[in-house]
There are 2 protein chains.
Amino acid sequence: MKKSQSVVIAGGGSTFTPGIVMMMLENSDRFPMKELKLYDNDGDRQAVLGEALEILLKEQAPDLKFSYTTDPKEAFSGVDFVMAHIRVGKYEMREQDEKIPLKYGIVGQETCGPGGIAYGMRSITGMLDIIDYMEEYSPEAWMLNYSNPAAIVAEACRVLRPDSKVLNICDMPVGTLRRMSQIVGKTPDELEVSYFGLNHFGWWTSVKDKESGYDYLEDIKTYVAENGYLTQVEVDTQHMDESWQATHKKAKDLLAIEPRFLPNTYLKYYFYPDYEVGLSNPTFTRANEVMNGREREVFSAARDIIARGTAENGGFHIDSHASFIVDLARAIAFNAKERMLLIVENNGAIANFDDDAMVEVPCIVGSDGPEPLSQGKIPNFERALMLQQVTVEKMVVEAYVEGSYQKLWQALSLSKIVPSAEKAKELLDDLIEANKGYWPELK
Amino acid sequence: MKKSQSVVIAGGGSTFTPGIVMMMLENSDRFPMKELKLYDNDGDRQAVLGEALEILLKEQAPDLKFSYTTDPKEAFSGVDFVMAHIRVGKYEMREQDEKIPLKYGIVGQETCGPGGIAYGMRSITGMLDIIDYMEEYSPEAWMLNYSNPAAIVAEACRVLRPDSKVLNICDMPVGTLRRMSQIVGKTPDELEVSYFGLNHFGWWTSVKDKESGYDYLEDIKTYVAENGYLTQVEVDTQHMDESWQATHKKAKDLLAIEPRFLPNTYLKYYFYPDYEVGLSNPTFTRANEVMNGREREVFSAARDIIARGTAENGGFHIDSHASFIVDLARAIAFNAKERMLLIVENNGAIANFDDDAMVEVPCIVGSDGPEPLSQGKIPNFERALMLQQVTVEKMVVEAYVEGSYQKLWQALSLSKIVPSAEKAKELLDDLIEANKGYWPELK
């Protein structure tokens, strides 16, 4: 009999919260819960989802103790896990992250380049706050962090909370593995991968059949060289946005520049920034799509549930793809020794890369946390690209810690996405203005 | 009494040859010569300078044995030093190196970015040829190589002729030190520097008075923050091209992005490529300036000397600035233990940088060659930029060795100067076409 767990979701007001809560209900045999709490520092926003989920949970999981709060003590006391998907500044600030660079003809993206840097500078304080709450009120708990920009957030944790029990994980490799499994007619569970890189910046070096050991790498490459990662299964079943379809297709060109490995799709922002800018509408970006789409849908579904007083035939949709969060939680809770990609301090996992870099590699996760699997030496090309990018991430955290304008200017100038130090400075001045009240003051 | 030396200049047809020969005459007390030969694989071009120099030397150094030849055996036999300033493809190909990138709105420059990569691919075979001639006909000789692109050429020597006695040196740090000395009212000989970087990609960390030990770094920074390296002395005395004036001034903005150190002026191509492209005329580049200016002047001065049968009142001008070549030669010949910046294999000189990278650092040069002076650890910002650039250089040499289209595409994509993999591929295809007969065939 598995011990029932207490969980708090930090970022309770996220549009992802209902889907994740429903996914957790569905996985209650694998990961039984006795209590679930939502925490957010925006009480009004969270209350809408909280009230609707209260109705839903009373109907679907009457034994689960549920609450939502803006009080840290209430939220973080007596929990086994903190699941963190915070978004400091919400979609209004994401919109700025995307639109300010685009004004200069530079990629505007949530996690890559100037947008990611701006978002990173905003997110560090928020992340530290919830880590500190967890450590104060539930010192034995683990945080499962899938807040973006994961690379910068993970580096900030490494530097500023080195001993905290925070696991940084990203859903992108999970999603791509799902597509790979469709390509070869398997389920993701039947495959196991080798991978090296940084978050949103890496390459698969093998995709093996768990049973036979057969490596599908070449088969998948052959498919990707033609179609990218876009699979007919997903086109038919997922009602995928056109912009995501384009992203998965573009992997074809990422394989072209490095045919040895299978690429993370986010590499397109680094290798093909001009193409990405060409696709972008500087006045209507992904943040606008989300605000007009998912955000509106989720909150109106919540309001509808509240108005009707029942979640039956309600508009909340289960987010089955997020089940990696349960995989991770149960690996910790029940010492499951699950093999997963996590963002961890390198310490030799990539042999010819800095020990103190936060890298993304396969790990074996048990009750003591992750044990990274050694990925050996990587080629010079990837190594140089990764050092450039990880140094940007490190310098953002240094700029945050030191309140240094100079370091943040250098970080922006160093980014592969930013074409010059001059553009970097113009961008920086705009970003400072837009992020007043969110960033530490820079001198 | 110093032993008189035998020297061959490889690239005898260079516009720099007369000025360097005259500089060597002027330095004959420091570096006595008994024989001087010119070697070039373009006999017609060299003959013009050779015939004129023969007239000049008969008048000014009648005891010096002088000859010019296209025969490697004749040229490279019985010499103590090979001074190499070859330019494979001459200015006609430099013009292509500059104009092809500019077509795409990308920096077109002799040594930086795509132009430097193209020139590097052309130069390796030529460099290996003259190294092999030297080793066959004068196995005890040293080569003093100041051929561009020095970084790629030096890496090719490291990989392909690891045991050869080749010293790679660049005149740029020497020229900048001259300007620094003017700024503080000293002579270059009174100063000694610390420096780290790659060729055309580095920073001074100290500029000390040899006698007092006083470090002028902050004083020079104060001047450079205002004026760059442009000094009134040079403006008044050197009739400096406007484009060079702009280069020296621009150092101001290089100091702005990294205020800790004094920058090598070539960094402007990496930090301010958009500014540089804005200054460029895509139909009339530096190669055109040189072909219309220095090349025409030097060759018409030569023809005039030949026609008149005397070099008296002739148009050859001494290149006093090139005296670093004599400094280097005499350091080897007479074990002078001269402190100079050279391009050498790192091997820990920069503590936190790859051992097998060709770096530019101060060395003590004696008869056994250079002993690099340890420069300690460098900051993350410079380290990441340098790894990106040195990896480009390494991959160019690998592409040359393997005949690999893919590696050269990757090298171009990795360059900070090239904005995307797509542009890199278009550039590469153009460069291959333009360099037919010069590059190895790429597959």
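Order of the sequence lines sets the chain letters (A, B, ...), proteins ahead of strands, with each chain counted from 1.
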Q: What are the two closest non-hydrogen atoms of B:L385 and A:L414, and how far apart are they?
A: CD2-CD1, 3.5 Å
Q: Does atom NZ (B:K221) have a neighbourhood of more than 12 heavy atoms from anything else shown, all under 6.0 Å?
A: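 For B:K221, atom NZ is crowded (more than 12 foreign heavy atoms under 6.0 Å).
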Q: Measuring from atom OG1 of B:T391 to atom CD of A:E382, what distance do you get when rounded to the nearest 0.5 angstrom?
A: 10.5 Å
Q: Side chain, backbone, both or neither: which part of A:Q406 has an atom under 4.5 Å from a heavy atom of chain B?
A: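 When you check distances to chain B, only side chain atoms of A:Q406 fall under 4.5 Å.
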Q: Considering all heavy atoms of both residues, which atom of A:I257 and which atom of B:A421 are nearest to each other, and what is their separation?
A: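 Result for this residue pair: CD1-CB, 4.3 Å.
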Q: Against chain B, label A:A424 side chain, backbone, both or neither, depending on which of its atoms sit under 4.5 Å from a heavy atom there.
A: neither
Q: If you check every heavy atom in residues 263-276 of chain B against those of chain A, which residues fall under 4.5 Å?
A: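 B:F271, B:Y272, B:P273, B:D274, B:Y275 fall under the 4.5 Å cut-off.
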Q: Do you know which of A:Q410, A:Q388, A:E422 has the most heavy-atom pairs under 4.5 Å to chain B?
A: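 The answer is A:Q410.
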Q: More than 12 heavy atoms of other residues, nucleotides or ligands under 6.0 Å from NZ of A:K377: is that the case?
A: no
Q: Given heavy-atom pairs under 4.5 angstrom as the criterion, report whether the side chain, backbone, both or neither of A:E258 touches chain B.
A: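 Both parts, backbone and side chain.
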Q: Might you point out which heavy atoms bring A:K416 and B:S413 nearest each other, and give the distance in Å?
A: NZ-O, 2.7 Å
Q: For residues B:R383 and A:D354, determine if any side-chain heavy atom of one lies less than 4.5 Å from a side-chain heavy atom of the other.
A: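 Of all side-chain heavy-atom pairs linking A:D354 with B:R383, at least one is under 4.5 Å.
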